[in-house]
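Notes follow once the structure below has been shown.
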Amino acid sequence: MKLSDLQDIRLEKARALRDQGTNPWPNRAQRTRTNSEALARFETAQAADDQTLVEPVTLVGRIASLRHMGKTLFAHIEDGHGRIQLYIRKDAIGDDVYADILKLYDLGDFIQASGSLFRTRTGEISLRVTQITMLSKTINAPPEKWHGLQDVEIRYRQRYLDLLSNEEVRRIFRVRARIITAIRAFLDQRDYLEVETPTLQPLYGGAAARPFTTHHHALDQELYLRIADELYLKRLLVGGYERVYEICKDFRNEGIDRNHSPEFTMLEFYEAYADYESMMDTVEALIVSVTTTAHGGPRFTFQDQEIDVTPPWPRKTLRDAIRDTSGIDYADHPEQADLLRVAREAGADIEEGTVWPRIVDELLKQFVRPTLVQPTFLIDYPVELSPLAKRKTDDPTHVERFQPIVGRVIELGNAFTELNDPLDQLARFQVQQKDRDAGDVEAMPIDLDYVTALMYGMPPTGGVGIGIDRLVMLLADQPTLRDVILFPAMRRLPIENAQNSVESTSEESPEP
RNA sequence: GACCCUCUAGCUCAAUGGUAGAGCAGCGGACUUUUAAUCCGGAGGUUCUGGGUUCGAGCCCCAGGGGGGUCACCA
C-alpha cells in the first residue's frame, strides 16, 4: 500500500508517541460518562450552582475539531452519543503535554480527556481538561469538516467514512433499527412466533424472480439463495403454529435501481384463520405503530409529499383502479393483442409482444401508481399474476391479494389469502412450469414437497410480505434504497485497485 | 443491456485548447474563552486508464473502467 505524505506524517506521530512511552493504540479506556450524559449532568447540577461543576469526569471520543490559540486550545470530541467541547490550557495541563497535543494529535484521533465541566463565555458547556491521553491514533485524515463526504461512490463503498462524517446518515440507520425493533414488538405482542427458515434452499420459490445459485461441496448439489421464505413459513402452519413471522434477507438476481437491491430485508408473517381482509387491518395497525415509533404520530413527509397513514386506507380493486385512471376494463379485453391495442390507445407505453398479465401490470404502473400518494390497498389481482393466492369465491379469474402502495412509487408489500387447496396449488405450479419451459426464467419451479404439505392440511390463512428497506426508505424520507442499506451492492473494482488495498504495509508500520 | 451525465490535491470544488488553482485538512510561525476561529509563510497533482488529433489537451475524438440518472429487466 502506497502511503501519502499525509499518512506518513501521522504514522510518524504514532512512532513519536511510542518513543515517549505512550501506546498510540492502548487496550483500554476509562470513560466515566458519555458526552451526552455529561452535558445533561451539567444542566441539572447547574440549577443549584453557577458556572462550574466540580465533579470530575472522564470523557472519550474522536477529535472532530481542533482550534489552538497560543496557550489555549479548543477541541470538540464526538463519541457515539454526542459532541462536547474540550478547553485545554497550557498552564493547567503542562508544557509537555500541551506540546504533544499540538504536534501529535490530529483530527479523527480517538482520545480520552478528564477534568471538570464549566460553561464558556459564549455559553457552551465544555470540559476543562486536566488530563488527556491517546486512545487510537488515526493514519487517514477524515473527510472535510464542513461539507462532509459528498462523493456518492465513496459514501457507499466506504460507508464508515460516510457515517463518521455525516451525522444525518448515522441518524437514518438508527431509525432503521428502531423500525425493525418496533415491528418485532408489534408482532410479538400479537402472539406471533419468530422463526428462522433456510437461506440455502435446494429448491427456491415463493416469488417470481431469478435466484442466485451456489454449490455445496459435501452434498455435491446445487443450492439456491432464497428469493422468499413464504413456502417454508406456510409449512409451519401445516405443522400447527398459528402465527409465525420471519425477518430475513432475500436474494434476487436482477437489476439494481433505487427500488431494488439484489439482497434485501423482508418481513413475512402468516396467520391461521385470518384472510386478506383481516390482514389489511393488521398491516394498517403495524404501519401506524412503526410510523409512530419513527415520527411520533401517523404523519410524515416523504419526498415533499405529506403522508398520513391513519386507518382505514382506501381499498380499491385493481380492476376498478385501472378502469378509473385509464378508462380500460381489462376484463373486456381477454385477448392479449386486444388489450395491448386499447392500452396504447389510452396512452400507455408498452412493448409489442408483452404478455397479458404484464400488460395489466404496466397499466397499474403507468396509470394507477402515480395517483397513489396516500397509502392505499390495491386488491384482487388476476389469477395469472399470483400462483400462491386463493381464488375469490365469486370470481375464479381473480385472487384475494393486496398490495399497499404509498408515495406514488413505493410498493410496500404483497399479501393474500393463502392458497391451501393442494390440487389447485399443483395446477398453478404446473402453469408456472409451462411458463418456465416457454423461457420465463422467473416462473416458479414445482415444489412437490410443498404440495404434499398442503395435502396434510393448512388452515385458512392470511399472509403478508413487507419490504423492510422500502419501509425504511419511506419513513426516513430517502430517495433511494441504497441510502437505507449500510453496504449496498457495488461492482467490484478493477484488480489492481483491489490488491492495492490488501497489500501488506509491514514496511511502513511501526514496531509492534 | 441501451442512452445521458460524471471522475482534477486527503476532502469540497474551480480552471474561453495556451504555466493546473482556491477553501478545508496537513506543515512552520503569531495569538490564554474559541467554535466553519483569525492572521502570516511555505508544501502538496499519473487531472480515472490507454490511445488519437494538435505546435500545444484537464478541456476535442476513440476505446476501456468506476459511479450516478433514465429506460429496459424486475415486487
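Within every chain, numbering begins at 1; the chains are lettered A, B, ... in the order of the sequence lines, protein sequences first and strands thereafter.
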Worksheet item: Hey, what's the ring geometry for Tyr330(A) with Trp356(A), parallel, tilted or perpendicular (30° and 60° as the breaks)?
Response: perpendicular
Rounded to the Å, how far apart are [X] [atom1] and [N] [atom2]?
X         : N      : atom1 : atom2 : answer
Arg492(A) : G67(B) : CZ    : P     : 12 Å
Leu161(A) : U12(B) : CG    : C1'   : 14 Å
Leu164(A) : A25(B) : CG    : P     : 16 Å
Gln7(A)   : C27(B) : CD    : P     : 14 Å
Gln158(A) : G67(B) : CD    : C1'   : 13 Å

Any side-chain donor-acceptor pair under 3.5 Å between [X] and [Y]?
X         : Y         : result
Glu78(A)  : Asn35(A)  : no
Gln366(A) : Asp349(A) : no
Glu418(A) : Thr461(A) : no
Ser126(A) : Arg128(A) : no
Arg67(A)  : Gln85(A)  : yes
Glu144(A) : His147(A) : yes
Arg401(A) : Ser386(A) : yes
Arg226(A) : Thr199(A) : yes
His398(A) : Glu384(A) : no

Same-atom distance ([atom1]) from [N] to [M], integer angstrom:
N      : M      : atom1 : answer
U6(B)  : U49(B) : C1'   : 16 Å
G50(B) : G65(B) : C1'   : 11 Å
U16(B) : C60(B) : P     : 11 Å
A57(B) : C48(B) : P     : 15 Å
U33(B) : G29(B) : C1'   : 22 Å
A25(B) : C40(B) : P     : 15 Å
U46(B) : G58(B) : C1'   : 13 Å
A20(B) : U53(B) : P     : 22 Å

Under 6.0 Å from the [atom1] atom of [X], do we count more than 12 heavy atoms belonging to anything else shown?
X         : atom1 : value
Gln305(A) : CD    : yes
Arg210(A) : CZ    : no
Asp437(A) : CG    : yes

Discussion item. I need a per-nucleotide contact map over nucleotides 68-73 of chain B, read 5' to 3'. Cutoff is protein heavy atoms under 4.0 Å; write B for the base, S for backbone only, - otherwise.
Written reply: SSS-SB
Item to complete: Kindly state each residue pair satisfying salt bridge (charged side-chain N to carboxylate O under 4.0 Å, His left out) with at least one member in residues 134-143 of chain A, sequence neighbours excluded.
Response: Asp106(A)-Lys137(A), Asp109(A)-Lys137(A)
Item to complete: Can you figure out which of G29(B), A37(B), G66(B) approaches the side chain of Arg491(A) most closely?
Response: G66(B)
Answer with base, sugar-phosphate or nothing: what part of the nucleic acid does [X] contact at a heavy-atom distance below 4.0 Å?
X         : answer
Ala207(A) : nothing
Leu412(A) : nothing
Asp361(A) : base
Arg10(A)  : nothing

Practice prompt. Taking Watson-Crick and G-U wobble pairs with both distances under 3.5 Å, convert RNA chain B into its dot-bracket string, 5' to 3', dots for unpaired and | for cross-strand pairs.
Written response: (((((((..((((....[..))))..((((.......))))......(((((..]....))))))))))))....
Worksheet item: Do the side-chain N or O atoms of Arg157(A) get closer than 4.0 angstrom to the phosphate oxygens (OP1, OP2) of G67(B)?
Response: yes
Worksheet item: Taking OP1 and OP2 of A37(B), is either one under 4.0 Å from a side-chain nitrogen or oxygen of Arg67(A)?
Response: yes
Polar atoms only, N or O, under 3.5 Å: list the protein pairs with nucleotides 7-11 of chain B and their distances.
| from | atom 1 | to | atom 2 | distance (Å) |
| --- | --- | --- | --- | --- |
| C11(B) | O2' | Glu144(A) | N | 3.0 |

Worksheet item: Of all residues at least two apart in sequence or in a different chain, which pass the salt bridge (Lys or Arg N to Asp or Glu O under 4.0 Å) check with Arg319(A)?
Response: Asp329(A)
Measure all distances between protein nitrogen or oxygen atoms and nitrogen or oxygen atoms of nucleotides 31-33 of chain B, and list the pairs falling under 3.5 Å.
| from | atom 1 | to | atom 2 | distance (Å) |
| --- | --- | --- | --- | --- |
| C31(B) | N3 | Gly70(A) | N | 3.0 |
| C31(B) | N4 | His68(A) | ND1 | 3.2 |
| C31(B) | N4 | Gly70(A) | N | 3.3 |
| U32(B) | OP2 | Lys71(A) | N | 3.3 |
| U32(B) | O4' | Thr72(A) | OG1 | 2.6 |
| U32(B) | O2 | Thr72(A) | OG1 | 3.4 |
| U32(B) | O2 | Arg89(A) | NE | 3.3 |
| U32(B) | O2 | Arg89(A) | NH1 | 3.1 |
| U32(B) | O2 | Arg89(A) | NH2 | 3.0 |
| U32(B) | N3 | Arg89(A) | NH2 | 3.4 |
| U32(B) | N3 | Asp91(A) | OD2 | 3.3 |
| U32(B) | O4 | Asp91(A) | OD2 | 3.3 |
| U33(B) | O2' | Arg121(A) | NE | 2.9 |
| U33(B) | O2' | Arg121(A) | NH1 | 3.1 |
| U33(B) | O2 | Arg121(A) | N | 2.6 |

